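Please read all numbers here as calculations on a predicted model, not as lab measurements. Labels below follow one simple rule: chain letters A, B, ... track the order of the sequence lines, proteins then strands, and each chain is numbered from 1.
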There are 2 protein chains.
Amino acid sequence: MLPFTVTARDPGCAARAGELETLHGTVRTPAFMPVGTAGTVKGIASWELERLGPEMVLANSYHLLVRAGLERVRRLGGIHRLMAWDGPVLTDSGGFQVFSLAARCRLDDDGVSFRSHVDGSEHRLTAEGAVAVQAGFGVDVAMVLDECLPYPVEAARAETSVERTVRWAFAGLEEARRLRDAGGWSGGLFAIQQGSTDPHLRRRCSERLAAGSFDGFAVGGLAVGESPAELHDMVAASAPMLPEDRPRYLMGVGYPEDMLQAVACGVDLFDCVLPTRSARTGKVFTSRGEITIKNARYAEDLDPLDPDCPCPTCARYSRAALRHLFLAREVTSSVLLTVHNLTYFLHLMREAREAIMAGRYCRFRALSEGLRRGGGAQAPREQEVGHGSR
Amino acid sequence: MLPFTVTARDPGCAARAGELETLHGTVRTPAFMPVGTAGTVKGIASWELERLGPEMVLANSYHLLVRAGLERVRRLGGIHRLMAWDGPVLTDSGGFQVFSLAARCRLDDDGVSFRSHVDGSEHRLTAEGAVAVQAGFGVDVAMVLDECLPYPVEAARAETSVERTVRWAFAGLEEARRLRDAGGWSGGLFAIQQGSTDPHLRRRCSERLAAGSFDGFAVGGLAVGESPAELHDMVAASAPMLPEDRPRYLMGVGYPEDMLQAVACGVDLFDCVLPTRSARTGKVFTSRGEITIKNARYAEDLDPLDPDCPCPTCARYSRAALRHLFLAREVTSSVLLTVHNLTYFLHLMREAREAIMAGRYCRFRALSEGLRRGGGAQAPREQEVGHGSR
């Protein structure tokens with residue numbers, strides 16, 4: 001198993017700082033993982049990514065499978081070579097995208113068959129196959145195949161789905177053991193808690209998964225359309241159900257306030273397309289709240305996006321210059337705003353970690369949220385749209 | 001006038017190395033200027049541009065005018081602030097884009113009226129106004145307004161057009177003098193030789209322009225559809241017509257072999273969208289010839305784009321990884337190939353300069369062309385399409 005140490009606990013809540021050791025480096029938690037869908041964080045060269053300094057990067061098995069295929073990624077030297085990134089990489093199993101992107105998705109007891117949304121080619125992912133694919137990519141952390149449910153969903157369907165997800169998790173664990181014993185892979189495998197918005201179902205799922213020697217546990221199936229309040233309630237209920245001595249990963253979340261709340265509940269890892277996708281639509285995260293760069297009020301604003309931000313975009317470009325580039329549809333705008341937004345998310349988690357180490361996480365969280373609420377806040381949170389990102 | 005010194009001459013041809021001093025630094029020639037259309041080289045953050053180390057960057061007055069306007073650029077602190085780039089900037093006058101992009105373009109003796117291709121707004125550029133706009137942007141080198149003719153064109157129209165271009169050049173020079181005397185600007189102004197493919201007309205144009213105290217002279221109206229052979233003949237005939245003691249700029253050119261030939265004829269400055277635009281379509285320039293990255297032969301090619309290239313793309317990404325990103329339509333592909341292609345163009349001109357300083361330019365040119373011809377060359381030059389870039 002991947003060594004995981006909790007190095008500090010906050011006295012005021014369940015927040016903790018930890019270190020997860022992988023073959024490509026130590027992941028200091030809490031940590032936000034930028035999303036590098038098909039082998040790159042959109043618009044970001046790997047040397048730029050290195051400067052941003054994420055602890056771990058997420059890539060999507062589904063996209064890598066349908067765009068390149070296992071054999072090709074393997075022959076190219078694996079996922080790290082493909083991404084030109086030498087740090088830790090986590091991949092999702094592909095389940096989420098199969099259910100949301102692929103065509104003619106057919107679920108059965110052993111896995112899921114589907115057609116690529118790119119070229120219509122047929123593929124099949126089984127519980128074992130999903131782990132074998134990720135191991136073949138050479139990832140540092142693989143995720144088990146899980147069934148992702150829509151929201152809301154009937155209780156009976158959620159129950160059947162949880163049964164299947166648990167069965168798949170253990171089949172995946174068996175496959176991981178086989179692959180490690182064969183000497184071809186030394187990554188970790190995380191299980192995924194499902195159960196929609198039913199705490200009892202999530203508890204049952206967690207208890208059964210906890211019996212397996214997984215390297216970590218994720219909360220899945222949230223941030224798929226529920227309100228922020230529901231999301232926070234579900235995280236508060238679900239995170240503590242996961243084993244205390246393993247990293248906890250909240251998949252596809254989220255907004256800064258969601259992450260800070262989840263950290264307070266003992267969550268260690270996050271991923272979300274929010275900072276990168278928002279950058280492409282001109283939405284900017286700052287320590288004083290969110291701003292929409294195309295707004296006329298920034299037309300002649302010579303201030304940086306965020307006076308407290310250490311990123312090169314803030315060091316060099318005014319809001320007005322960024323607005324001009326955004327309105328001129330220059331792709332440089334996406335690059336610059338992505339660098340800023342990722343810096344903000346990564347910096348927030350670094351600050352959270354430092355606050356936990358210093359035993360002042362609750363104060364840090366309150367201050368950070370106060371600043372964000374008081375600052376910009378002219379771009380209201382899009383509550384109606386799920387921001388799940390996997 | 002901007003100080004210009006010829007620091008070395010090649011013994012075997014008219015190639016020369018020079019230094020043009022501007023307020024934002026010395027431009028060592030021969031030099032290639034990356035094109036930063038609306039205030040950015042597409043996809044390239046200014047800190048990345050700095051690392052690429054161009055001597056001077058080109059921006060398009062037309063795009064800046066219709067996307068931002070003079071007053072806004074001025075209030076944002078000028079073109080350098082807008083681009084977050086502290087090195088030399090040259091702008092074209094906008095003439096080329098007015099004739100090629102704008103709607104309802106109406107030419108008269110004093111200038112040209114047109115509607116923006118973006119929002120239909122009405123604009124007018126006069127010979128004086130074009131210089132005032134560029135001075136207002138705060139550029140280091142401005143270009144006079146010129147009339148850009150289609151290719152081919154009737155002799156009579158070319159003649160009238162040359163008359164107009166010369167008249168406009170001197171009106172622009174008068175305006176530049178006025179602006180400099182008023183203390184608002186200390187940039188240089190380049191005149192533009194026109195005359196289509198008629199050497200006599202070009203000579204007449206050059207002789208008349210040479211009477212003005214312009215800071216440099218450009219060859220305009222080439223690379224607009226003529227064959228490479230015609231282009232080379234016209235450059236060989238036209239460049240020596242321009243004053244020996246001022247920088248010579250071949251606008252919108254071109255392919256590596258075009259630049260090397262023009263350097264041999266005594267040209268000092270170049271700009272072209274070729275390296276940046278090609279990057280976005282997956283066409284790559286290397287010391288061994290051009291390659292089309294999407295070709296199946298690169299699917300599992302673990303070599304860098306160019307083994308002799310010092311750029312970070314070549315240091316980190318294999319051809320196969322770049323092909324994958326291109327086929328996955330990841331914008332990172334554009335960024336990585338732009339960094340490479342610009343490195344190639346900038347490096348080629350740096351090597352040309354060194355060769356001239358060492359008195360071995362002819363051998364350098366022959367070796368460089370031999371390598372390119374012998375190497376890849378599976379992507380034939382697109383002779384049918386003009387690659388003019390202004």
When the 4.5 angstrom heavy-atom criterion is applied to A:Arg329 and chain B, the contacting part is neither

Applying a strict 4.5 Å limit to non-hydrogen atoms, the region of A:Ile44 in contact with chain B is backbone

Chain A shares the most heavy-atom pairs under 4.5 Å, among B:Val331, B:Leu76, B:Val118, with B:Leu76

Okay, B:Leu49 and chain A: the region with an atom under 4.5 Å from a heavy atom over there is neither

If one checks every heavy atom of B:Glu50 against chain A at 4.5 Å, the contacting part turns out to be side chain

Cut-off 4.5 Å, heavy atoms of chain A, and the answer for B:Ser333 is neither

Whatever's closer than 4.5 Å to a heavy atom in chain A on B:Ala299 counts as both

Rounding to 0.5 Å, atoms CG (A:Asp301) and CZ (B:Arg75) come to a distance of 13.0 Å

Test A:Arg81 against B:Tyr317 for side chain to side chain contact (heavy atoms under 4.5 Å, CB included), laying out the working first. CA-CA 8 Å; A:Arg81 214 36 234 285; B:Tyr317 291 86; over 6 Å; no

Given A:Gly39, A:Ala45, A:Ser46, A:Ala321, the one with more heavy-atom pairs under 4.5 angstrom with chain B than any other is A:Ser46

Okay, A:Glu330 and chain B: the region with an atom under 4.5 Å from a heavy atom over there is side chain

With chain B, the option among A:Arg316, A:His324, A:Met83 that has the most non-hydrogen atom pairs under 4.5 Å is A:Arg316

Of all heavy-atom pairs linking A:Thr332 and B:Val41, the shortest is OG1-O, 3.3 Å

The interface call for B:Leu302 against chain A, heavy-atom contacts under 4.5 Å, is both

Of the listed A:Ala320, A:Ala84, A:Ala38, A:Pro312, the one with the largest count of heavy-atom pairs under 4.5 Å with chain B is A:Pro312

If one checks every heavy atom of A:Thr313 against chain B at 4.5 Å, the contacting part turns out to be both

